[in-house]
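Input: a single structure, listed below in C-alpha cells.
Here is how names work: the chains are called A, B, and so on, in the same order as the sequence lines, proteins then strands, and each is numbered from 1.
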Number of protein chains: 2
Amino acid sequence: MTIYEVAQRVGVSIATVSRALRSGGQVAGETRRRVLEVVEELQFRPSRLGQSLAEGRHAANGIVFPDLSGPYYAEVILGYEEVAAEVGSSVLILATHGRTDPGRKVLDLARRVDGMAIMGRTVSDGVVAQVAATGMPTVLLARLPVGELDTVTTDSEASARELVAHLVAHGYRRFAYLGDPDESSDVTARYDAFRSALVDRGIRPPRAPLRCAFDVPAGQEAARRALAGSPPPQALVCANDEVALGALAAAKQLGRSVPDDVAIVGWDDVMAARYAGLTTVRQPMRELGATAARWLQDRVASSRLPVRREVLRTQLVIRTSCGQHPNEMEVP
Amino acid sequence: MTIYEVAQRVGVSIATVSRALRSGGQVAGETRRRVLEVVEELQFRPSRLGQSLAEGRHAANGIVFPDLSGPYYAEVILGYEEVAAEVGSSVLILATHGRTDPGRKVLDLARRVDGMAIMGRTVSDGVVAQVAATGMPTVLLARLPVGELDTVTTDSEASARELVAHLVAHGYRRFAYLGDPDESSDVTARYDAFRSALVDRGIRPPRAPLRCAFDVPAGQEAARRALAGSPPPQALVCANDEVALGALAAAKQLGRSVPDDVAIVGWDDVMAARYAGLTTVRQPMRELGATAARWLQDRVASSRLPVRREVLRTQLVIRTSCGQHPNEMEVP
DNA sequence: TTGAAAGCGTTACCAC
DNA sequence: GTGGTAACGCTTTCAA
C-alpha cells in the first residue's frame with residue numbers, strides 16, 4: 001500500500017496525492033476530496049521512512065538515562081515525552097544502565113533522531129562531544145556542561161546549604177555523607193556544597209564521603225559502617241533518597257532512634273520518602289525533562305541559537321527524620 | 001556525508017562500501033580494510049533512514065502506556081527496553097495519559113516501528129484492532145485480549161483470592177472496594193475475583209465499588225466516604241497502592257487505627273508501600289515488559305506463530321496494614 | 001492546479 | 001570480488 005496505488009486509483013499523480021495529504025498543499029477542493037476518499041477506502045498511511053527520508057528529518061527525539069528504576073528518571077522522561085509529543089516528535093529512550101559500550105548505543109540512537117537529551121553520568125564527555133560534533137542538537141541534563149552544549153540542572157548548591165543550615169539549627173554538629181560524589185556531577189555538586197556550607201559555619205566536614213551505590217541495600221550497609229564509628233555521626237546526609245531509606249533501615253536495625261540519636265536526610269523526594277518521614281530535597285524532575293524537550297525543539301527549528309544554561313529551583317522538604325518539628329509535620 | 005563520498009574516496013562502488021560495512025558482505029580483505037579506513041577517517045555513519053527504507057524494517061519497537069507516574073509503568077518499560085536493546089531494537093515510547101485522541105498517536109507510532117506493545121486501557125479495542133489489522137506484530141499487556149493477539153497479564157485472580165483469604169482469617173467481614181474497575185480490565189479482574197472470593201466464603205460482597213481515580217488524593221477522598229458509613233467497613237481493598245496510601249491517610253485523619261479499626265490493602269507493591277507498612281500484591285512488572293519485547297522479537301523474526309497468552313505469577317506481600325503478625329513483620 | 005521527475009541514502013540483485 | 005542499478009516510498013522542484 002503505497003502512494004502510487006492511491007494515485008493510480010484516483011487517477012492523479014503521486015505528487016497530487018502527497019499534496020492533498022499535507023496541510024499546506026495546493027490542491028483543488030474536488031481533487032483533494034477524491035484523494036481523501038480513496039485514502040480512507042484503502043486505509044492508506046504514508047510510510048514514515050519515506051517521509052523522513054524525503055524531508056530530511058526524523059521527527060523524533062532521543063533521551064539517554066542511566067536507569068529507569070526509582071521514580072526519578074521516570075518523571076524526567078514523562079516530562080520530556082509530554083512536550084515532545086506536543087510538538088509532534090516521537091521519543092526514543094535508551095537506558096545505559098550497566099551495559100557494555102553505552103557509547104556505541106548512544107551514537108546509534110543519534111542516527112535515528114533530530115535531537116537528543118543526555119542525562120547524568122551515562123556516557124563520557126568524549127561520546128557527548130562526538131554526538132554534538134555531528135551537529136546533533138543536544139541538551140545535557142543534571143550533568144556538567146560539555147563544550148557549548150545547552151545544559152539544565154537542578155540547584156544542588158542552594159538546597160545543600162539550606163539542608164545544612166536546618167540541621168545545624170537542630171544542633172547537629174558531627175556529619176557524615178553517604179554516597180559516591182564521583183558517580184555523577186550532580187552528586188558532586190551536592191557533596192561540595194554540603195562541605196562548604198559546613199565550613200562556612202565553622203563546622204568540620206567529614207574527611208571523606210562514605211562511598212556507596214545509590215540503592216537501599218548499599219545505603220543500609222554504608223550507614224551501618226558510619227554508625228559504628230565512635231563517636232558516631234549525629235547526622236547522615238545521603239546522596240539520594242534510596243541511600244537515605246537504607247540508612248533509616250540501618251538505624252532501626254542498630255536500635256538508634258531517628259531523629260533523636262541520628263538525623264537522616266536524602267535527596268529527590270521519592271514517594272516513599274514521604275511515608276518514611278524522610279527530610280529531603282524535592283527536585284522538579286518533570287520540568288527538567290520538559291525543558292530539555294522544549295530547548296531541543298527550539299534548536300531543531302532554528303539553528304544558531306545562543307547556548308542556554310538553566311538551574312532549576314529545588315525545595316527543601318522537612319519531615320521528621322531531621323529532628324522534631326512540633327507544628328510543621330506533614331500528614332502523610 | 002553519504003556512502004557515495006566514501007565509495008568515491010576509496011575508488012570503489014557504493015555496493016562495495018555497503019558490503020564492507022555489513023558483517024555478511026563478501027569483500028576482499030584488502031578492499032574492506034581500505035573502506036573501513038576511509039569510513040573511520042570521514043567518520044561516516046550510514047543513514048538509519050536509508051537502511052531502514054532499503055531493508056524494509058525499522059529495527060524499533062514501540063510501547064504505549066497510560067502514564068509513567070508511579071513506579072509501575074517505569075518498571076515495565078525498563079524490562080521492555082532492556083530486552084529490546086539486547087536484540088538490537090530501539091524503543092519508542094508513547095504515553096497516552098489524558099491526551100485527546102490517543103488513537104491517532106498510536107496509529108502514528110505504528111508507522112515507525114516493527115512491533116508494538118500496548119498496555120492496559122490506553123486505547124480502545126477498535127484502535128488495537130486497527131493496528132493489528134495492518135499486520136503489525138502486537139502484544140497486549142495487562143489488558144484483555146483483543147482478537148488473536150498475544151497477551152500477557154498478571155494473575156489478579158489468584159492474588160485477590162489469597163488477599164481475601166488472609167483478611168477473612170484476620171476476622172474481617174465487612175469489606176469495601178476502592179477504585180474504578182472500569183478503568184482497566186486488569187482492575188476489573190481484581191474486583192471480580194475479590195467479589196467471588198468473598199461469595200465463596202459466604203461473605204456478602206459490597207454492593208458496588210467506590211469508584212475513584214488511581215491516585216493518592218482520590219483514594220483519600222474515597223476512603224473518607226467509605227469510613228463515614230455505618231457500620232463502617234472493616235477492610236478496605238484498594239485497586240492499587242496509591243489509592244491505598246490515600247486510604248491510609250484518610251484513616252489517620254479520621255483517627256481510625258490501622259489495622260485495628262480498619263484494614264487496608266493495595267496492589268502493585270510500590271516502594272512507598274513498604275514504608276507505609278501496606279499489605280499489597282507484588283507484580284512482576286519488569287518481567288511483563290521483558291516478555292512483551294521477547295514475543296515481539298519472535299514475531300518480527302518469524303510470522304505465523306501461534307497466539308500466545310501468559311499469566312504471570314503475583315505475590316502477596318503481608319505487612320502491617322491488614323492485621324497484626326507478631327513474627328512475620330518485614331523490617332523496612 | 002497538476003504531472004513528471006529528481007532527489008533522499010541505503011540494500012540487494014544481477015552481471016561481469 | 002566487484003560494479004551497475006533497480007528498488008524502497010516519499011517530498012519537492014520545475015514545467016506545463
Side-chain angles (χ1 to χ4, degrees), chain A residues 1-39 42-60 88 90 107-108 110-114 134-136, chain B residues 1-39 42-60 88 90 107-108 110-114 134-136:
Chain A
M1 171 57 38
T2 73
I3 200 172
Y4 288 91
E5 298 180 49
V6 177
Q8 188 168 26
R9 195 97 151 213
V10 181
V12 296
S13 72
I14 58 167
T16 298
V17 175
S18 177
R19 279 190 288 255
L21 247 28
R22 36 202 38 249
S23 46
Q26 299 285 309
V27 198
E30 170 59 11
T31 309
R32 162 167 281 137
R33 199 191 54 68
R34 278 165 47 218
V35 169
L36 295 181
E37 194 176 285
V38 172
V39 162
L42 263 45
Q43 286 286 304
F44 168 73
R45 305 271 174 246
S47 148
R48 243 283 141 221
L49 289 171
Q51 286 182 311
S52 290
L53 195 58
E55 288 172 357
R57 58 181 224 114
H58 298 269
S90 293
L107 259 10
D108 231 63
R111 296 191 307 142
R112 337 192 53 142
V113 297
D114 302 317
T134 65
M136 169 78 54
Chain B
M1 172 56 39
T2 72
I3 200 172
Y4 286 93
E5 299 181 47
V6 177
Q8 189 169 26
R9 194 96 153 214
V10 181
V12 295
S13 73
I14 58 165
T16 298
V17 175
S18 178
R19 278 190 290 254
L21 247 28
R22 36 203 39 249
S23 47
Q26 299 285 308
V27 198
E30 170 59 12
T31 309
R32 162 168 281 136
R33 199 192 54 68
R34 277 165 47 218
V35 169
L36 294 182
E37 194 175 286
V38 172
V39 162
L42 263 45
Q43 286 287 306
F44 168 73
R45 307 269 175 248
S47 148
R48 241 286 142 219
L49 252 21
Q51 287 182 309
S52 290
L53 192 59
E55 289 173 357
R57 57 181 224 114
H58 298 268
S90 293
L107 260 8
D108 230 64
R111 297 191 307 143
R112 338 191 53 143
V113 297
D114 302 317
T134 65
M136 169 77 55

Checklist outcome for this item: Of all heavy-atom pairs linking B:R112 and B:A60, the shortest is O-CB, 4.0 Å
Checklist entry - Once you build an axis from the first five pairs and another from the last five of the helix from C:dT1-D:dA16 to C:dC16-D:dG1, how far apart in angle are they, to 10 degrees? => result 40°
Checklist entry - For the side-chain contact (heavy atoms from CB on, under 4.5 Å) test, which of B:V17, B:L21, B:T16 pairs with B:R19? => result B:T16
Next on the checklist: Mind checking if A:Q26 touches a base, just sugar-phosphate, or nothing, with heavy atoms under 4.0 Å?
Outcome noted: base
Checklist entry - Contact class for A:S18 (heavy atom, under 4.0 Å): base, sugar-phosphate, or nothing? => result base
Checklist entry - Considering heavy-atom distances to DNA chain D, does B:S13 or B:A54 have its closest nucleotide positioned more toward the 5' end? => result B:S13
Checklist entry - Quick one: how far along DNA chain D does chain A reach, first to last nucleotide 5' to 3', anything under 4.0 Å to a heavy atom? => result D:dG9 to D:dT13
Next on the checklist: I'd like to know whether CD of B:Q43 has more than 12 heavy-atom contacts from other residues, nucleotides or ligands below 6.0 angstrom.
Outcome noted: yes
Checklist entry - For A:T31, which contact category applies under a 4.0 Å heavy-atom criterion: base, sugar-phosphate, or nothing? => result sugar-phosphate
Item to check | Shortest non-hydrogen contact from A:R111 toward B:R48 | outcome: O-CB, 3.4 Å
Next on the checklist: I need the A:Q26 CD to A:T31 OG1 distance, nearest 0.5 Å.
Outcome noted: 12.5 Å
Checklist entry - Do B:H58 and B:S90 have side chains that get closer than 4.5 Å, going by heavy atoms? => result no
Checklist entry - Between residues 42-50 of chain B and DNA chain C, which residues have a heavy-atom gap below 4.0 Å? => result B:F44, B:R45, B:P46, B:S47, B:G50
Checklist outcome for this item: For B:V35 and B:A20 the tightest heavy-atom approach is CG1-CB, 3.7 Å
Next on the checklist: Reading DNA chain C from 5' to 3', where do the contacts with chain B start and stop? Cut-off is 4.0 Å to heavy atoms.
Outcome noted: C:dG9 to C:dC13
Checklist entry - side-chain hydrogen bond (donor to acceptor under 3.5 Å, both in side chains): which pairs involve residues 1-12 of chain B, sequence neighbours left out? => result B:R9-B:E41
Next on the checklist: Need one value for A:A15: base, sugar-phosphate or nothing, where a base atom within 4.0 Å counts as base even if backbone is also close, heavy atoms only.
Outcome noted: base
Checklist entry - What is the distance from atom OG of B:S47 to atom CG of B:L53, rounded to the nearest 0.5 Å? => result 9.0 Å
Checklist entry - Which atom pair, heavy atoms only, marks the closest approach of B:A59 to B:D114? => result N-OD2, 2.6 Å
Checklist entry - Does a side-chain heavy-atom distance below 4.5 Å link B:V113 with B:M136? => result yes
Checklist entry - How far apart are the closest heavy atoms of A:M1 and A:V6, and which atoms are they? => result SD-CG2, 4.5 Å
Checklist entry - How far apart are the closest heavy atoms of A:A7 and A:S13, and which atoms are they? => result CB-C, 3.7 Å
Item to check | Heavy atoms of other groups near A:E30 CD, more than 12 under 6.0 Å | outcome: yes
Next on the checklist: I'd like to know if A:R34 pairs up with A:E37 as an ion pair, taking the criterion as any Lys NZ or Arg NE/NH1/NH2 lying under 4.0 Å from an Asp or Glu carboxylate oxygen.
Outcome noted: no
Next on the checklist: At a heavy-atom distance below 4.0 Å, what parts of residues 4-11 of chain B sit against DNA chain D?
Outcome noted: B:G11
